[in-house]
2 protein chains.
Amino acid sequence: MALLGLLFGKPGHGYDLHRTVIADLGEVWHLSQSQAYAILRRLEAQGDIAAKEIQQAKRPARQLLRMTAQGRRRFLKWLATPNGGSTRSIRMEFVTRLYFLQALMPDRVDSAIAQQTGEAALHLERLRGARAALASKQVYSWMSLDLRIRQLEVVLGWLADCRTSLLLNPNPKQKET
Amino acid sequence: MALLGLLFGKPGHGYDLHRTVIADLGEVWHLSQSQAYAILRRLEAQGDIAAKEIQQAKRPARQLLRMTAQGRRRFLKWLATPNGGSTRSIRMEFVTRLYFLQALMPDRVDSAIAQQTGEAALHLERLRGARAALASKQVYSWMSLDLRIRQLEVVLGWLADCRTSLLLNPNPKQKET
DNA sequence: CTGATATACTCACCGAGTGAGTAATTCGGG
DNA sequence: CCCGAATTACTCACTCGGTGAGTATATCAG
């Protein structure tokens with residue numbers, strides 16, 4: 001979805017998309033070049049992006065990629081979908097959503113954070129319930145769940161801090177690594 | 001490695017191994033049956049386990065699996081290897097190591113926790129360094145790293161709590177779900 | 001006696017991810 | 001002016017993680 005989103009508005013080449021992800025979201029995703037191309041092939045096969053071969057004088061042809069109408073729909077839908085209670089997906093997908101929201105529709109950043117906070121709080125309650133329901137014999141399941149709960153608690157504080165720092169510091173202008 | 005470890009000492013069937021994982025480590029790993037069999041096939045291909053076909057009167061043959069000497073070496077090596085600084089691998093692999101350590105060599109539990117704490121603290125320092133080194137432009141990489149740091153801090157507290165609760169409550173006797 | 005549950009697997013498929021390789025162009029330095 | 005290093009732009013082969021459905025038999029409760 002990050003690769004798809006980078007084609008929002010302006011077409012581009014696989015190579016550049018990968019470089020942009022590295023530069024802007026390098027600590028969020030670890031994306032190898034081959035993986036990027038594999039994902040782009042899939043997006044094309046699904047009809048979310050379309051490629052145009054551009055013949056060049058001396059170099060081999062390059063593929064200019066653009067988002068299709070379907071891809072646009074899917075991207076916007078993804079952009080509005082909260083990321084549930086997995087810490088991992090919050091650290092990766094949710095941060096990525098913030099990246100695009102800030103760039104494309106900065107007025108929605110605040111509500112996205114609020115929405116995600118709600119999701120996380122809900123999930124936290126479910127996990128607390130599950131932890132309480134575990135038999136005392138299941139020590140290791142309990143330990144694992146307990147860690148997840150503590151981490152979600154941290155996420156809630158982090159989300160609040162994200163909100164204040166993004167509101168104080170609007171439009172951070174990325175891409176200038 | 002969890003599947004391999006369950007064959008330590010006593011041979012067993014893929015079916016039972018899967019069930020044991022579900023029962024004892026259900027919140028640690030989410031392992032489908034087919035995935036379990038796939039992993040077992042790989043372990044066999046690698047020579048960590050060996051299968052013996054057991055013909056039965058009316059039913060189709062079952063595979064009795066046992067650990068090989070090589071598998072034993074690999075398992076014991078894994079059991080002594082700390083899990084670095086990924087919160088995920090701490091929640092999953094490290095907890096699994098504790099599960100086996102408690103069952104097979106309970107006297108090593110304490111030092112394993114201490115060792116893992118050291119690893120986590122080290123990693124935490126590295127992450128803090130990386131966060132400090134980030135350009136102020138890279139807002140989203142910063143956010144993601146910041147969350148990882150907060151989560152590792154939580155992990156350190158959790159590890160300390162694990163230690164006290166496992167020492168107070170030795171040999172929890174699993175498998176009775 | 002019949003239908004749910006338990007036992008014990010297999011198969012086909014997709015997505016995530018790595019590492020190496022290819023092939024051209026540009027650019028800086030001796 | 002030429003050589004080598006970096007940059008641009010991509011491909012290939014492979015392994016691992018994971019899902020969902022299907023198969024076949026046996027047991028057991030109502």
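In what follows, chains carry the letters A, B, and so on, assigned in the order in which the sequence lines appear, proteins first and then strands, with residues in each chain numbered from 1.
Following rounding to the nearest Å, B:Gln33 (CD) and D:dG17 (C1') show an atom-to-atom distance of 17 Å. Here the P atom of nucleotide C:dC9 and the NZ atom of B:Lys52 are 14 Å apart, to the nearest Å. D:dG17 atom P lies 10 Å from atom CE of B:Met1, rounded to whole Å. In this structure, CD of B:Gln63 is placed 12 Å from P of C:dA8, rounded to the nearest angstrom. Between the CH2 atom of A:Trp29 and the C1' atom of C:dG15 there is a distance of 13 Å, rounded to whole Å. Counting to the nearest Å, the C1' atom of C:dT7 and the CG atom of B:Asp16 are 9 Å from each other. When rounded to the nearest whole Å, the span between CG of A:Leu3 and P of C:dA16 equals 11 Å. Here C:dT10 presents its P atom at 15 Å from CD1 of B:Ile39, a figure rounded to the nearest Å.
The side chain of A:Gln35 approaches C:dG17 more closely than any other nucleotide in the set D:dG18, C:dG17, D:dC10. Looking at the side chain of B:Arg88, the nearest of the listed nucleotides C:dC9, C:dT18, D:dG18 is D:dG18.
Looking at A:Ser144, its side chain never comes within 3.5 Å of a backbone N or O of A:Tyr140 through a donor-acceptor pair. Using a distance-only test at 3.5 Å, with no hydrogens or angles considered, no donor-acceptor pair links the side chain of B:Gln63 to the main chain of B:Gly12. With hydrogens and angles disregarded, no donor-acceptor distance shorter than 3.5 Å links the side chain of A:Trp78 to the backbone of A:Arg97.
A donor-acceptor contact under 3.5 angstrom links the side-chain atoms of B:Ser34 to the base of D:dG20.
Between A:Arg42 and C:dA16 there is a side-chain N or O to OP1 or OP2 distance below 4.0 Å. Between A:Tyr37 and D:dC10, a side-chain N or O to OP1/OP2 separation shorter than 4.0 Å is present. Using a 4.0 Å cut-off, no side-chain N or O of B:Tyr15 falls inside it from OP1 or OP2 of C:dC9.
In terms of position on DNA chain C, the residue among B:Arg19 and B:Arg41 whose nearest nucleotide sits closer to the 5' end is B:Arg19. Where B:Leu31 and B:Gln46 meet DNA chain D, the nucleotide closest to each residue was compared, and B:Gln46 sits on the side nearer the 5' end.
For the side-chain contact (heavy atoms from CB on, under 4.5 Å) with B:Leu101, the qualifying choice from B:Leu166, B:Val109, B:Ile113 is B:Val109, the only one to do so.
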So B:Phe8 and B:Phe100, ring pair (Phe, Tyr, Trp, His ring centres under 6.0 Å) or not? Walk me through it.
-> CA-CA 10 Å; B:Phe8 196 93; B:Phe100 284 114; 8.5 Å; no

